[in-house]
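Atoms within each ligand, like the ligands themselves, are counted from 1 in listed order.
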Amino acid sequence: MINVGVLVSGRGTNLQAIIEAIEEGKIEGKIKIVISDNLDAYALKRAEQHNVETQYINHKEFKNREDYDKKIVETLKNKEVELVVLAGYMRILSSYFIKAYKNKIINIHPALLPSFPGLRAQKQAVEYGVKISGCTVHFVDEGMDSGPIILQSAVEVSEDDTEESLAERILKEEHQIYAQAIQLFSQGRLIIKGRKVFIKK
Ligand code: GAR
């Protein structure tokens with residue numbers, strides 16, 4: 001049973017999928033806190049509807065990114081969080097944060113990394129003309145969407161796909177693999193060796 005902290009900025013469909021996977025017993029874990037940098041994030045409402053504790057932390061009250069992240073880390077540690085899950089969290093983590101939770105922060109990205117890191121990955125994929133895209137769950141390191149890959153799922157891109165239509169199909173896969181990856185972490189089955197993540201049978 002692992003204590004999870006989820007960081008969000010927006011609508012929170014991945015958070016919703018994680019909450020449901022926990023409720024259905026597919027993840028042996030508990031969400032101790034959902035933290036948002038955006039007071040209006042719909043993700044906060046989703047958490048409240050499931051009696052999950054939430055906290056909004058306003059970055060404008062801190063003089064720089066590190067001070068902001070110190071406050072977040074302190075909040076997570078107070079809740080005895082063991083795994084930090086980024087679910088549509090749109091801020092880059094400082095190295096302070098990454099060191100404080102080394103190899104214990106995971107992110108979901110809507111492309112098959114290392115293709116299309118950064119913002120609007122689905123738009124990048126459509127514009128590039130790839131035939132296959134998908135999503136990636138990875139550990140977070142100091143780079144941009146560059147940490148060791150845990151799970152990926154592929155989605156075919158059709159000629160008439162738009163950013164929105166592709167994003168919708170990828171999102172369904174995100175919800176599946178994010179829950180799976182959290183459960184693997186919770187079971188202690190993810191072993192990082194250099195760039196590679198080995199999944200214990
Ligand atoms: C998801 O598609 C996630 O992969 C993406 O933001 C969306 C959040 O949706 N994350 C990134 O692009 C991170 N670089 P959600 O709030 O409904 O989970």
Among protein heavy atoms, which sits nearest to [atom], and what does the distance come to when rounded to 0.1 Å?
atom                    : value
atom 13 (C) of ligand 1 : Ile108 O, 3.9 Å
atom 3 (C) of ligand 1  : Glu174 OE1, 3.3 Å
atom 15 (P) of ligand 1 : Thr13 N, 3.4 Å
atom 12 (O) of ligand 1 : Pro110 CD, 3.4 Å
atom 7 (C) of ligand 1  : Arg11 NH2, 4.1 Å
atom 14 (N) of ligand 1 : His109 ND1, 3.4 Å

Requested in this report: State plainly whether the residues Glu80 and Lys32 are in salt-bridge range, i.e. N to O under 4.0 Å.
Outcome: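 Lys32 and Glu80: not salt-bridged.
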From NZ (Lys123) to CG (Leu166), nearest 0.5 Å: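 So the gap between those two atoms works out to 13.0 Å.
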Would you tell me whether Asp37 and His59 have side-chain atoms, one donor and one acceptor, within less than 3.5 Å of each other?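 Not at all, the side chains of Asp37 and His59 share no donor-acceptor pair under 3.5 Å.
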| field | Note, Lys71 side chain near Thr75 side chain (heavy atom, < 4.5 Å) | value |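 With C-beta onward as the side chain, the pair touches.
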| request: Examine Lys77 relative to Tyr101 and say whether NZ or CZ is less than 6.0 Å from the centre of the six-membered ring and inside a 45° cone about the ring axis. | output: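 The answer is yes; both the distance and angle limits are met.
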Just to be sure I'm reading this right: ignoring hydrogens, which of Ser9, Cys135, Gly12, Gly88 gets closest to atom 16 (O) of ligand 1? Compare them by their nearest heavy atoms.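 Minimum heavy-atom distance to atom 16 (O) of ligand 1 goes to Gly12.
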Would you say the side-chain atoms of Asp69 pair up with the backbone N or O of Ser94, donor to acceptor, closer than 3.5 Å?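 Checking the backbone N and O of Ser94 against the side chain of Asp69, a donor-acceptor pair under 3.5 Å is found.
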